[in-house]
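Reading through the structure tokens given below for one structure.
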Amino acid sequence: MHHPIADGERHSQFLRGALDICLLALLEQSPSHAYELADRFAERGLVGIGYGTLYPLVTRMRRLGLIEEHREASPAGPPRKVFRPSPAGRQALASWSAQWLASTAVVRSLLIDTGALAPPPEETPCVKRP
Amino acid sequence: MREASLTDPKRVLGELDRAWRQAGVRTADRRRMAAEVGPDLRAAAEDGRDPRALLTPDLETFARRVAEAGGVGRTQPHYAAVEVGAVAGGVLALVVGAVSAVFLNRALSALVDLDRDRDYSVAGPVLVFGGMAALALLGCLFGIHLALRGRSAARPTLWRAALLLPPTAGAAVAAAVAYGRSTDYSDEPAVVLTECGIILLACAASVFAARRWALSTPDDEADLPAVYERSVS
């Protein structure tokens, strides 16, 4: 049965678990300020992640030493504060990314084995136990 | 081109500042956060977006989340808990010290027979009373530590109490002695209680001042938890 509202909530729950990893990854790719981050998330297909979610997250991660800030010259106006991962943030990104891959691989394998998810054509499904 | 219906970024910042003030955020922290959010609001306006609409889900919730995320929201002072902890710890330690001094005196008296006709240095009594005072101070600080365990500005409060208590207690003892001298060192209960009250009130005021001083200074980064919580609001 299709539940559009429930699907939206599920989607938010999934994103909530990966938001910090994605944030660190985007900042590692290119330091930016919080306003720009919302557009970068949307460009990657992660829509619905607004400034109201991102700025508090950046604030918390900065407080915990995972993100650092520096001033960058702005084409118009005074220098802007941009954020990038700290050394501790880079370590966290590497660790959490590995955790994410491992977790999603386990879930994917389970879904394929139980028939909830069709395997890609190149994969051979596991033999089901009696 | 900016639409006529867009909210002025300055007005939005003003409302944010009001919301942060209501949340108990200090002036320096409000200014710092405004300096960060302001350029983002102006950038949104220049892009033709409503700056107010940026602050999802609504301005008040955004302000509260930012204050919580930054650890700069209203801090509970817990004055009553601090005072009770300090007094209980100090009094308990003093009682332990006094009882120990009595037992030590009896034990030493049994071992050493002093010549009654000779004058002895006051260093001994000074050492005993000084030791009891030090013990009371440590008990006080330990009581504060227990009362503020897991609460904000605990360590700064302890350091400031350790700084303020000794001179305050010293001055209070001198005042109590002066009062006792004025009554010819009477041992009437009312006089003794007054002398104790002078010392107790002075130390309580000192502990209150230490807590207030600790809360009025910026958050100590060393108080932040060492482990990052993966949950995202």
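Note: hydrogens, waters and symmetry copies are ignored here, and every other heavy atom, side chains too, is used. What you are looking at is a predicted structure, and each value in this text was computed from that prediction instead of being measured. Order of the sequence lines fixes the chain letters, A, B, ..., with proteins taken first and strands second; residue numbering starts at 1 for each chain.
Considering all non-hydrogen atoms of both residues, A/T53 and B/T56 come closest at N-OG1, 4.1 Å. Here the closest non-hydrogen pair linking A/Y35 and B/A44 is OH-CA, 3.3 Å. For the residue pair A/G52 and B/F62, the shortest heavy atom distance occurs at CA-CD1, 3.7 Å. Pairing each heavy atom of A/T59 with each of B/V66, the nearest pair is CG2-O, 4.1 Å. Taking each heavy atom of B/A69 and A/P56 in turn, the nearest pair found is CB-O, 3.2 Å.
Crowding of B/R32 atom CZ: a count of heavy atoms from other residues, nucleotides or ligands under 6.0 Å exceeding 12. Heavy atoms from other residues, nucleotides or ligands lying under 6.0 Å from OH of B/Y179 number more than 12.
Counted by atom type alone, B/D40 and A/Y55 present zero donor-acceptor pairs between their side chains at under 3.5 Å. Between the side chains of A/Y51 and B/R49, no donor-acceptor pair is found at a separation under 3.5 Å.
The NE2 atom of A/H33 lies 12.5 Å from the CD atom of B/E36; values are rounded to the nearest 0.5 Å.
Contact of A/E36 with chain B is not made at all, since no heavy-atom distance falls under 4.5 Å.
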